[in-house]
Amino acid sequence: MKIISLIKSCKHKPHLLQLHSFLLRSSHFHNPTVFLAFLSRLALPPLHDLSYSGRVFSAFPDPNVSLYNTLIRAHSFRRDSSRRGFQFYHELLHSGISSNALTATAAVKCCAKMESLSIGTQVHGRIWRDGYLSDSLLQTTLMDFYSALEKGNDACKVFDEMPEPDVVAWNVLISCYTRNGRTRDALALFDVMRRSDSCIPDDVTCLLMLQACGSLNSLEWGEKVHTFVLEHGLIGSRRVSNSLITMYSRCGCVEKAFEVFRHSADRRDVVSWTAMISGLACSGYGRDAVEAFEQMQSEGVSPGEQTFTALLSACSHSGLVDEGRMYFQAMGHDFGVVPNVHHYGCMVDLLGRAGMLDEAYGLIRSMRIKPDATMWRTLLGACRIHGHAGLGERVIEHLVELKAQEAGDYVLLLNIYSSCGDSDKVMEVRKAMKDRGIHTTPASSTIELKGKVHEFFADDVLHPRKREIYEMLGEIIQQLRIGGYVAEISSEMQRAESESEACVLSYHSEKLAAAFGILSTPPGTTLRIAKDLRICVDCHNFFKILSAVYNRRVVIRDRARFHRFGDGVCSCNDYW
DNA sequence: ATAGGGTTAG
């Protein structure tokens, strides 16, 4: 069939349209297979023209199930078209044409995009009735559906019913775990999967694992996956080497990220460069990030939306205000990239950190897009840094207006007042929080030791080795005092309830994690700690001095970036 | 030969 390969080779729309008129004139369209090939090309990505393919479809005299399946699937890729896709499914069920397992698969995908648990569950019931459940494609799609709607247990149930889950089913299970807050269990699945002899991990498995390692700051696991990648010849996959770069960056090892980047010279794309730039950015190497950006262009790769996000965040983390402004301008003028919410967010952060709060506020007001809660929160963070209570109050009002105010926002406001020494206002916010029943979720830090991730909370009382840990921490503080550490309890508060008497013995979770790390590793080992909020000034000082007194490198991953301590200095240049 | 799995500021 020459005509089918001709259709398949069509890469551009005008070309395909030309072919369309030719097909209409010829008798080829009487052949359903040819028509199907044409419709698929038109409706599915990369062309993905839904309205045109809808018209072509309705002009066809006798549609069959394959045509419907293609059309339903084409509509299942995006949320805004998924409802229409489901309507086609409905139409098919009432048309007298019998559906098959692939129909159900596409319909379930639509349900996932529509985010409708009830409709999806009904479809699942129908699938049960029609006896398609043994179809592995359909089963994995169902798993993905439940996973997307945060019904992890239902996804697991479908998985358990598969007699011999293939590699994709395992991958969906892994992604289900990471999506539903069970990242550590996701890591464990890698070994379980390797033990089950039915399949071996593929490139996507590695990609998912590396993502999980990155989010848990789990370097040892990450290295294990890296070894697997090398042993199984998956390093040649661009997606895999890109996620290795991201993993090493997220684990605070830019050097290793760069190593992978260097070795992937033959297969670098925008994603590789963007990953590298953002890795440099959050490790405090703003200048290198900017340099990498220029280097990338000289190698003929043009930057994309996310590249600018990474670049602007590099500028904001390193305080490169002029460069940031310049690139923000150039982005629109020279590269035709329309600033999105991420770009604006970076600029607000950049200006805000640098103390240009009014300009940051002005930028938000001037945007053509609606500011989201995160944007306001970024500005609130800047108000906290510069102790700007007046603007802070206005920002809170905006958050309230969006009905998006969270406990953390009140804590920020409270810290603003507290750093201004306005104790009346502090009490006022405390009272307001109490009255409205707003409570903070406890902050936590994690540290990885021998491939196991340990989690600590502020003033942890649950840890089995808490006695030892607290003793160790007491000793460390003694030592650090000699090195010049002075505890600064005043302006930082992460627990709204902690009142004066408790403060003396109140320890942030990162200090507990560090004590545990020193207790459990030989001298000289780098401590790698991840913290879910931002590190406070006092802890920052603590680690700076600790790195000199104990002669240890400490890498802290914060909510925003990395703080790399060594020999009494921090790579982030104490820029707040 | 209509196929199921993954990214984005703080």
Side-chain angles (χ1 to χ4, degrees), chain A residues 1 4 8 32-33 35-41 43-44 64-74 76 99-106 108-109 112 135-145 147-148 158 162 165-176 178-179 201-212 214 239-240 242-243 245-246 250 270-271 274-275 278 281-282 304-317 339-350 352-353 372-382 408 412 533-534 558-561:
Chain A
M1 270 312 247
I4 287 186
K8 285 197 166 174
T33 315
F35 189 75
L36 177 62
F38 181 78
L39 187 75
S40 313
R41 194 77 213 155
L44 299 174
N64 57 32
V65 62
S66 308
L67 291 174
Y68 266 108
N69 290 352
T70 304
L71 208 58
I72 297 166
R73 195 171 97 85
S76 75
S99 68
N100 58 28
L102 235 48
T103 318
T105 306
V108 172
K109 250 191 106 172
D135 186 289
S136 77
L137 244 83
L138 183 46
Q139 282 167 314
T140 45
T141 309
L142 273 168
M143 283 176 67
D144 198 49
F145 162 75
S147 151
V158 178
M162 299 179 76
D166 64 6
V167 63
V168 182
W170 279 101
N171 291 348
V172 175
L173 188 65
I174 293 169
S175 100
C176 172
T178 50
R179 271 205 268 192
D202 68 357
D203 55 340
V204 178
T205 316
C206 293
L207 193 133
L208 289 164
M209 292 310 297
L210 292 169
Q211 243 166 266
R239 300 188 297 184
V240 171
N242 287 347
S243 40
I245 296 170
T246 306
R250 301 262 292 142
V270 223
V271 183
T274 304
S278 101
C282 57
E305 250 188 1
Q306 302 102 313
T307 317
F308 280 102
T309 307
L311 179 67
L312 294 174
S313 93
C315 296
S316 101
H317 288 322
N340 64 22
V341 65
H342 301 274
H343 302 132
Y344 279 116
C346 289
M347 288 309 287
V348 169
D349 190 49
L350 173 80
R353 275 178 202 261
D372 63 354
T374 317
M375 183 99 55
W376 289 120
R377 216 159 272 146
T378 305
L379 187 58
L380 191 61
L412 271 176
L533 294 177
R534 294 175 70 146
D558 183 279
R559 202 187 163 83
R561 59 195 164 137

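First the proteins, then the strands, lettered A, B, ... as listed; each starts at 1.
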Using a heavy-atom cut-off of 4.0 Å across all strands, would you classify [X] as base, sugar-phosphate, or nothing?
X        : value
A:Val168 : base
A:Val65  : nothing
A:Thr140 : base
A:Thr309 : sugar-phosphate
A:Gln139 : nothing
A:Ser136 : base
A:Asn340 : nothing
A:Asn242 : nothing
A:Asp372 : base
A:Leu208 : sugar-phosphate

Protein-nucleotide distance ([X], atom [atom1]; [N], atom [atom2]), rounded to Å:
X        : N      : atom1 : atom2 : answer
A:Leu102 : B:dT2  : CG    : P     : 10 Å
A:Leu137 : B:dA1  : CG    : C1'   : 13 Å
A:Asn64  : B:dA1  : CG    : P     : 13 Å
A:Arg250 : B:dG10 : CZ    : C1'   : 12 Å
A:Leu350 : B:dA9  : CG    : P     : 16 Å
A:Gln306 : B:dT7  : CD    : P     : 13 Å
A:Arg239 : B:dG6  : CZ    : P     : 10 Å
A:Tyr344 : B:dG10 : OH    : P     : 17 Å

Original post:
Given A:Phe145 and A:Lys109, is the side-chain contact (heavy atoms from CB on, under 4.5 Å) satisfied, shown in steps?
Top reply: CA-CA 7 Å; A:Phe145 162 75; A:Lys109 250 191 106 172; over 6 Å; no

Distance-only donor-acceptor check, side chains [X] and [Y], under 3.5 Å:
X        : Y        : answer
A:Asn69  : A:Ser66  : no
A:Thr103 : A:Asn100 : yes
A:Thr141 : A:Thr105 : no

Original post:
Should A:Met143 and A:Cys176 count as side-chain neighbours, where that means a heavy-atom distance under 4.5 Å?
Top reply: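 The answer is no, as the side chains (C-beta and beyond) never meet within the 4.5 Å cut-off.
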
Original post:
Are any of the side-chain heavy atoms of A:Leu102 and A:Leu137 separated by less than 4.5 Å?
Top reply: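 Yes. Closest side-chain heavy atoms under 4.5 Å.
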
Select one nucleotide: of [options], the one nearest the side-chain heavy atoms of [X].
X        : options              : value
A:Val341 : B:dT2, B:dG10, B:dA9 : B:dA9
A:Ser175 : B:dA9, B:dT2, B:dG6  : B:dG6
A:His342 : B:dT8, B:dG10, B:dG6 : B:dT8
A:Asp144 : B:dT2, B:dA9, B:dG6  : B:dG6
A:Leu36  : B:dT2, B:dG6, B:dG10 : B:dT2
A:Ala560 : B:dG10, B:dT2, B:dG6 : B:dG10
A:Ser316 : B:dT7, B:dT2, B:dG10 : B:dG10

Original post:
For B:dT8, does OP1 or OP2 lie under 4.0 Å from any side-chain N or O of A:His343?
Top reply: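 Result: no.
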
Original post:
Just to confirm, is there a sub-4.0 Å distance from OP1 or OP2 of B:dT2 to any side-chain nitrogen or oxygen of A:Lys109?
Top reply: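 For B:dT2, OP1/OP2 do not have a side-chain N/O of A:Lys109 under 4.0 Å.
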
Subject >> SB check A:Asp349 A:Arg377 (cutoff 4.0 Å) >> reply: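 A:Arg377 and A:Asp349: not salt-bridged.
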
